[in-house]
Amino acid sequence: MIRINDILDKVTACHPDAEIDIIDRAYIYSARMHDGQVRLSGEPYLAHPLEVANILADMKLDVTSVAAGFLHDALEDTKATVEDLKDIFGEEVTHIVSGVTKLSRLSFKSSEERQAESIRKMILAMADDIRVLLIKLTDRLHNMRTLQFHKPEKQVEIARETLDIYAPLANRLGIFWIKKELEDTAFKYLAPDEYNRIRGWITKNQEEREKHIDAVKKILKEKMEEHNLECEVLGRHKHFYSIYKKMMDQGLDFEELYDIIAFRIILNSVKECYEALGIIHSLWKPIPTRFKDYIGMPKTNMYQSLHTAVIGPFGERLEIQIRTREMDRIAEEGIAAHWQYKEGRAGDEQSDRQFAWLRQLIKNQKSLKDPREFMDTVRIDLFPDEVYVFTPKGEVKEFPKGATPVDFAYSIHSEVGHRCTGAKVDGRMVPLKYKLQTGERVGIITSSRHKPSKDWLNFVVTSKARSRIRQWIKTEEREKSLALGRELCEKEFQKHNLRFNPKSEEFQKIAQEFGFKSNNDLLAAVGYGKITPLQAVNKLLSKSATEEDAVTFIDKLKRRIQKKKRRAGILVHGVEDIMIRFGKCCNPIPGDSVVGYITRGRGVTVHRVGCVSTLTIDPERKIDLEWAEGAQDTHPAKVSVVCHNKVGLLADISAIISKEGANIIDVSIRTDTPNKQAECTFVVEVVNTKQLDMIIRKLKKIKFVIQAARQS
């Protein structure tokens, strides 16, 4: 176990004038509060705060950060209170610890909502003080290092959250060493077979590959010295998860990857970097599409480097990065390196640019109440592949990879986005779904009569564009439902010879009895189909309305149960519902997270959570669903298999599917003759996701199968 003196020595070495007494007090307080607690590994719980504080000390952070590292679990797992921390350690430490603390003491409807609210709180806190996130990342890093002590299902859950949220956050802050370790560890638990395969490939020809690395390094070093450039040359394997991701993205096997090794040249100045680039391009033939200048146009996480790819001395492709020593330090430590100089003082222009994404995320979260929608927005904002384009005035704007002119329009102003009818890129007209490329000049054409289209949600990628379009759809749907509800109520009231006045006190009381805040909310609910006009009339006719009168449209759906063999296998709030349709767009099967939407006249349509079709549906029509336990009905699912075009391979694939008890009801095959590959799409009938996952795992193990995955 790490000793407190080791941590104090590290802090003193970096901050010789710092008051380290607060770290000592935090250690003693943490030891007292966690006394008697043990981790799943059997170690005393204090080992965890010690490890977190030690990582923070290695990152050369200030004494406040290290003290908060010792205390980061105190509010959550002990009897410590906010008042105690304020009295003993002051406002600054307490603020950081509060930001790191999860919302474990509050109750939520689901684990998904708990996660969303925890992330929301952390993001708001880190906007105030980025040290909140730095401590949270080190906390997650040590937890991932000890993940083997959890149960398998918990390992997968934690690893998935790490890959979805924490690794991208580390990347956004430019702390690549944490990002790489989080990704590789999560990958190990999420896809152990693939992880072990890649590790085996890397170690298989390790000695031969090391010789190749040394040979290339020697050539580069000698060439730089010939031109009087003092430098350090490094060569390394890319980390396992980045290799796996590249294989999946490009549909390649390991042997077909050309850039699993990256070389890095570290020099003293920016001028020398560009000089070294010229030397390399004169030495070896460059690959034009693979050059990126992140020195002239840095990434938002402060990353700077020149990237190039060339045909190397042995006819192989080489990826080479060129940067200064300071750039290399920033590339590894990111905002942590910047913080060593700032230590809590007001931000400068560089850090302001870096946190523009965070400010936008905070703006968006205020209007996103649904936890799934919020988490989708967080994921979109965290993935870092950037595209840089120019406005007509020459201003540079940054977008995620895949951004479209509609994303560009909404980045200017919401009204420009709403009124967008067309776009020009470098002077030529392009479709609104056109994917912008770095260096292009973009202009937007607008019309005051134009309105957003629901179809835009199928291709926009920025969270701002998505949230503004959804907001407009929700407003538009509400207005339509309001008008429809008013019309339906007016007809029903007339049928019973009653005067319909939606502004009257009587109608206000009806709305309150149904639990609505305003008359318009009740009218909109009638328009949505959640309340029938007859229920409103019955409320008015009798103050002592029966329970049946107050039944909502959704409740009626739930009560229409027929005593016959279960078919749908879907429960609405714990009751089997027969009015069920499954969305053909996403083909949900038992085990998928699902959500339902009320469709007038057609009951409830079931979609997989995250299905693109649900983006255009008004959230007011949403209804929570769950799968019935023990349902054995089969459901169609699509499986995509990319493989080498070999004789007998189709028979092997079919045999695996049949052996796992699934029935193939359709198959389509598309061949790629030049690459000698085939893409097969199977529609199979399965009982649940476990059966489907087992089929996919076994398909991946077949020789000559490159990739197997479920298709939406």
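Since this is a predicted model, take the numbers as computed values, not measurements.
- Salt-bridge annotation for R131 and D62: present, with a side-chain N of the basic residue lying under 4.0 Å from a carboxylate O of the acidic one.
- Looking at F291 and P286, their side chains never come closer than 4.5 Å, going by heavy atoms from C-beta outward.
- The closest side-chain heavy-atom distance from L56 to V52 is below 4.5 Å.
- Side-chain contact between I219 and L283 is present, with heavy atoms from C-beta onward closer than 4.5 Å.
- Using a 4.0 Å cut-off between charged nitrogen and carboxylate oxygen, D426 and R441 do not count as a salt-bridge pair.
- Of the possible polar contacts, one joining the T162 side chain to the I158 backbone as a donor-acceptor pair under 3.5 Å is found.
- To the nearest 0.5 angstrom, I266 atom CD1 is 11.5 Å from M327 atom CE.
- D407 places no side-chain N or O within donor-acceptor distance of the main-chain N or O of V460, the cut-off being under 3.5 Å.
- For K211 and E208, the salt-bridge test fails: no basic side-chain N is under 4.0 Å from an acidic carboxylate O.
- H142 places no side-chain N or O within donor-acceptor distance of the main-chain N or O of D139, the cut-off being under 3.5 Å.
- Counting heavy atoms from C-beta outward, L277 and E272 have side chains that stay 4.5 Å or more apart.
- Rounding to the nearest 0.5 Å places CD1 of I23 at 8.5 Å from OG1 of T64.
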Audit row: T446, E415, side-chain contact (heavy atoms from CB on, under 4.5 Å) steps and yes/no: CA-CA 9 Å; T446 61; E415 282 304 309; over 6 Å; no
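- Judged by distance alone, the side chain of D184 and the main-chain N or O of Y241 form a donor-acceptor pair under 3.5 Å.
- In this structure, the separation between CD on Q304 and CD on E326 is 9.5 Å, given to the nearest 0.5 Å.
- E226 and K223 are joined by a salt bridge, as a carboxylate oxygen and a charged side-chain nitrogen come within less than 4.0 angstrom of each other.
- Using cut-offs of 30° and 60° for the angle between ring planes, the F408 and F399 rings count as tilted.
- A distance-only check finds no donor-acceptor pair linking the side chain of E230 to the backbone of N228 [under 3.5 Å].
- In this structure, K464 contributes its side chain and H413 its backbone to no donor-acceptor pair below 3.5 Å.
- Smallest separation of non-hydrogen atoms from G200 and T203: O-OG1, 3.1 Å.
- I175 places a side-chain heavy atom less than 4.5 Å from the side chain of L134.
- Within a 6.0 Å sphere centred on NZ of K217, heavy atoms belonging to other residues, nucleotides or ligands number more than 12.
- Put simply, the side chain of R236 never gets that close to the backbone of A262: no donor and acceptor are under 3.5 Å apart.
- Remark: side-chain polar atoms of H15 are paired, donor with acceptor, to backbone N or O of L61 under 3.5 angstrom.
- The distance from atom CG of L306 to atom CD of Q321, rounded to the nearest 0.5 Å, is 10.0 Å.
- Salt-bridge formation is not detected for the pair E51/R145: no Lys NZ or Arg NE/NH1/NH2 atom is positioned less than 4.0 Å from an Asp or Glu carboxylate oxygen.
- Using a 4.5 Å heavy-atom threshold, the side chains of M59 and I178 count as touching.
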Can you check side-chain contact (heavy atoms from CB on, under 4.5 Å) on W456 and L432, steps first, answer last? CA-CA 8 Å; W456 290 358; L432 290 180; 3.9 Å; yes
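- Heavy atoms from other residues, nucleotides or ligands lying under 6.0 Å from NZ of K424 number 12 at most.
- Residues N268 and C231 are not in side-chain contact: their nearest non-hydrogen atoms beyond the backbone lie 4.5 Å or more apart.
- Counted within 6.0 Å of NZ on K10, heavy atoms from surrounding residues, nucleotides or ligands total more than 12; the atom is thus considered enclosed.
- Looking at T404, its side chain never comes within 3.5 Å of a backbone N or O of Y434 through a donor-acceptor pair.
- Rounded to the nearest 0.5 Å, atoms CD1 (I322) and NE2 (H307) are 9.5 Å apart.
- For K180, the NZ atom counts as densely surrounded, since its 6.0 Å shell holds more than 12 non-hydrogen atoms of other residues, nucleotides or ligands.
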side-chain contact (heavy atoms from CB on, under 4.5 Å) evaluation trace for T324 with L267: CA-CA 5 Å; T324 66; L267 300 121; 5.7 Å; no
Could you walk me through whether E183 and K245 satisfy the salt bridge (charged side-chain N to carboxylate O under 4.0 Å, His left out) test, starting with their C-alpha distance in whole Å, then the side-chain angles of each, then the deciding distance to 0.1 Å, before giving a yes or no? CA-CA 11 Å; E183 285 182 341; K245 197 166 180 293; over 6 Å; no
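- Only one option out of Y189, W201, F240 pairs with Y195 in a ring pair (Phe, Tyr, Trp, His ring centres under 6.0 Å); it is F240.
- A donor-acceptor pair under 3.5 Å is absent between the side-chain atoms of R470 and the main chain of S467, judged by distance alone.
- You'll find the side chain of E319 stays beyond 4.5 Å of the side chain of I261, heavy atoms only.
- Here E232 does not pair with R264 in a salt bridge; the nearest charged N to carboxylate O distance is not below 4.0 Å.
- Distance check, rounded to the nearest 0.5 Å: OG of S411 to CZ of R468 gives 11.5 Å.
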